[in-house]
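Since the structure comes first, as C-alpha cells, the remarks are kept for the end.
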Amino acid sequence: MKKFLLATLSLTVLLAIGFFALAPSIFEKQTNQIDGKPLPAITAEAQKLHDSLMIVDLHSDTLLWKRKITDNVDYGHMDLKRMQAGNVGLQIFSSVTKTPKDQNYDSNSAETDNITMLAVSQLQPIRTWTSLLERQLWHATKLDRAVTASDGAMVAVSTANHVDGLALARSKSEKPIGVIFSAEGLQTLEGKRENLDKLYDAGMRMAGLVHFFDNALAGSMHGEEKGGLTDFGQQIVRDMEDKGMIVDIAHSSHETVADILKMARRPVVSSHGGVQAVCNVNRNLSDEEIKGVAATGGVIGLGYWDGAMCDTDPKTVAKAVKHVRDLVGIEYAALGSDFDGATTTRFDTSGIVHITQALMEAGFTEAEIRAVMGGNAIRVIQQGLIPLKDLPKQAVEQNAETGQ
C-alpha cells in the first residue's frame, strides 16, 4: 500500500509539472492564430517604403501570456524578433486582467473570470490570483523585465521627451523599439482612486476604462447594462488627463464613448477596432464617434483581425483607412493590431508590410501612408503624455473649448 501511495503521489506530481509546463503554451497556440490564407508577394517598392517608416501599433496583448517578449517562438503574433522583422518603432502593450466566461461581443456578466485560472496555470505570484490590481502590476513588471533583458533593443517610453529620443535613436543604425504600458479595463483600480497613482508609477500611460463587461467606471459595449460613465469614471478620466495618461475608448459602450468625448480636454484614442461602415459589428465606431474622436485631435487604431474588419484581408484595412480619411481626414487613422489578443489574423507582426503594400495599392500617397503607419499616433502620444499642468495655459483653454 505504501508503494502504491508513493507511486500515485509521484504520478500526480509529474502530471502537475506537465500541466504547468505545457498547458499555458498549448492554450495560447489554440487562441492566437494565423489563418494561413494567401497573401500577395511583397514588392521591392513596398518593402523599401516600409523599411523607412516609423511604425506604431497602439495595442497588443502579449503580456497576458506566459512567454516573454524576448523569447523567440513559432506561435502567437508578437515577440521582439518579429517586431524587429516588421520594423515596429513603438509598441503599446496592454494588460488584460479579467475576461468573462463564454466571452462574446453582445452581452457579458462581470461575475466570472477566465484569467484567474490562467494566472494560476502560469504560476504567477500568488498575489495575482486574487487581486486584479496586483495582476496588472505584475504585467508592468513583466514589461520592465523584458526591456532590461532586451539589452537596449527595447526602451521604455513614459514622457514626451522619450518619444523624441526614440525618434532620434531610430534614425541611427540600432533602431530600438519603444514600449508603452497600457490597460484593457480599469476594473484593476478596485474602486480606489489612489490606485491610479500606483499604475502610473508602474509606467502605465494609456488605459481603456472597460473591457468585455461593465465595471465601476463605465459601461462596456459588451456588458449587460451598457451604460455611460459613472461619477467614479468621470473622476478617473479627469485624473488621467491631468497626469498625462491617454484615454482609450476601445470596448466602451456608445453612451460611455459619448460621455468621454463630451468631457475630453486631451486627445482621445480608440486603440484597436474598426469602423461600422466597413464592418458593422457593435464594437466598431460609428461615423459620429469617428467625428468625435477627430474633434479631440485623437486617432483611431484599426485592427487586422476578423472581429474588427469582418475578414483578415489587408485590403479591408485599407478600406477602413479610406473611410476615416474621407470622413474626417487622414490625420486621424492609425494602427491597432490586437495581436496576441485571442484573435485570428492573416499575418503576425513581422508581416505588417502587408498593410503598407495594401495602402499603396489602394492609392494612398507616401505622406498619407507615413501618417497612418505611425506619424499620427506619434503626434497623439507626444501630446497625451504631457501632464496637463505642463501644457501652455492657452492650449489647455483651447482644448477645453474645441475638444482638441
Side-chain angles (χ1 to χ4, degrees), residues 58-59 61 63-64 92-98 110 113 115 125 127-128 130-144 156-160 162 179-220 223 227-253 256-257 259-271 296 298 380-381 383-391 396 399-400:
L58 293 171
H59 192 92
D61 289 328
L63 294 172
L64 179 62
I92 296 183
F93 287 99
S94 188
S95 168
V96 177
T97 56
K98 179 178 176 178
D113 176 29
I115 306 300
R127 65 182 184 275
T128 70
T130 56
S131 168
L132 297 183
L133 175 63
E134 291 296 338
R135 204 171 286 176
Q136 198 144 77
L137 292 173
W138 170 243
H139 288 159
T141 297
K142 287 180 66 176
L143 186 57
D144 289 343
V157 171
S158 59
T159 70
H162 288 166
V179 300
I180 294 177
F181 184 49
S182 181
E184 198 147 28
L186 284 178
Q187 59 277 350
T188 51
L189 297 180
E190 299 176 343
K192 298 178 180 178
R193 184 181 175 189
E194 60 268 25
N195 282 339
L196 187 67
D197 294 330
K198 295 180 180 179
L199 293 174
Y200 183 88
D201 291 343
M204 185 174 288
R205 292 298 183 270
M206 187 167 85
L209 273 62
V210 292
H211 196 197
F212 269 88
F213 50 90
D214 304 326
N215 63 25
L217 291 86
S220 165
L229 284 176
T230 65
D231 291 344
F232 182 53
Q234 291 179 27
Q235 182 63 66
I236 294 302
V237 169
R238 285 288 186 237
D239 288 346
M240 289 176 65
E241 291 180 321
D242 288 344
K243 288 177 174 294
M245 295 178 71
I246 299 166
V247 177
D248 180 7
I249 62 170
H251 292 290
S252 292
S253 69
T256 294
V257 171
D259 287 346
I260 291 173
L261 294 178
K262 184 177 180 180
M263 68 180 293
R265 300 170 293 170
R266 313 294 300 274
V268 169
V269 307
S270 175
S271 66
T296 72
V380 170
I381 292 168
Q383 294 175 4
L385 295 187
I386 302 173
L388 200 65
K389 64 181 178 59
D390 294 335
L391 287 173
V396 175
N399 289 352

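Along the sequence shown, the residues carry numbers beginning at 1.
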*With sequence neighbours excluded, what pairs up with D144 under the salt bridge (charged side-chain N to carboxylate O under 4.0 Å, His left out) test?*
none

*Taking salt bridge (charged side-chain N to carboxylate O under 4.0 Å, His left out) as the test, write out the residues that go with E134, two or more places apart.*
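So E134 forms a salt bridge (charged side-chain N to carboxylate O under 4.0 Å, His left out) with R127.
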
Listed by chain and number, what are the side chain to side chain contact (heavy atoms under 4.5 Å, CB included) partners of [X], not counting sequence neighbours?
X    : result
T230 : F232
L64  : V96, I115, L118
S253 : K226, E255, T256

Who passes side-chain hydrogen bond (donor to acceptor under 3.5 Å, both in side chains) against [X], sequence neighbours left out?
X    : value
K142 : none
S182 : none
N215 : Q187
R135 : D113, T116

Heavy-atom side-chain contact between [X] and [Y] under 4.5 Å:
X    : Y    : result
M245 : L196 : yes
L199 : L137 : yes
T159 : L385 : no
V247 : T296 : no

Reported [atom1]-to-[atom2] distance for the pair [X] and [Y], which is rounded to 0.5 angstrom:
X    : Y    : atom1 : atom2 : result
D61  : F93  : CG    : CZ    : 10.5 Å
K243 : K389 : NZ    : NZ    : 10.5 Å
I381 : M206 : CD1   : CE    : 7.0 Å
Q234 : L217 : CD    : CG    : 10.5 Å

_Within a 6.0 Å radius of atom NZ on K198, are there more than 12 heavy atoms belonging to other residues, nucleotides or ligands?_
no

*Sequence neighbours excluded, every pair satisfying ring-ring contact (aromatic ring centres under 6.0 Å, His included) that has a member inside residues 233-253*: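 As it turns out, the ring-ring contact (aromatic ring centres under 6.0 Å, His included) pairs with a partner in residues 233-253, which skip direct neighbours, are H211-H251, F212-H251, H222-H251, H251-H272.
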
Quick one: does any side-chain atom of [X] pair with a main-chain N or O of [Y] as donor and acceptor, under 3.5 Å?
X    : Y    : result
D259 : L229 : yes
R205 : G384 : no
R266 : I386 : yes
D214 : S220 : yes

What is the minimum heavy-atom distance between [X] and [Y], and which atoms define it?
X    : Y    : value
A140 : A202 : CB-O, 3.7 Å
S271 : D248 : OG-OD2, 2.6 Å
A156 : H162 : O-ND1, 3.8 Å
V380 : V269 : CG1-CG1, 3.7 Å

*Provide the full list of salt bridge (Lys or Arg N to Asp or Glu O under 4.0 Å) pairs with a residue in residues 227-242, sequence neighbours left out, each pair given once.*
R193-D239, R238-E241, E241-R265, D242-R265

_Going by salt bridge (Lys or Arg N to Asp or Glu O under 4.0 Å), name the pairs with one or both residues in residues 179-189, residues two or more places apart or in two chains._
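Non-adjacent pairs meeting salt bridge (Lys or Arg N to Asp or Glu O under 4.0 Å): zero.
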
*Using the side chain to side chain contact (heavy atoms under 4.5 Å, CB included) rule, pick out the option among N195, L189, T188, T128 that qualifies with Q136.*
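With Q136 as partner, N195, L189, T188, T128 yield a single side chain to side chain contact (heavy atoms under 4.5 Å, CB included), made by T188.
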
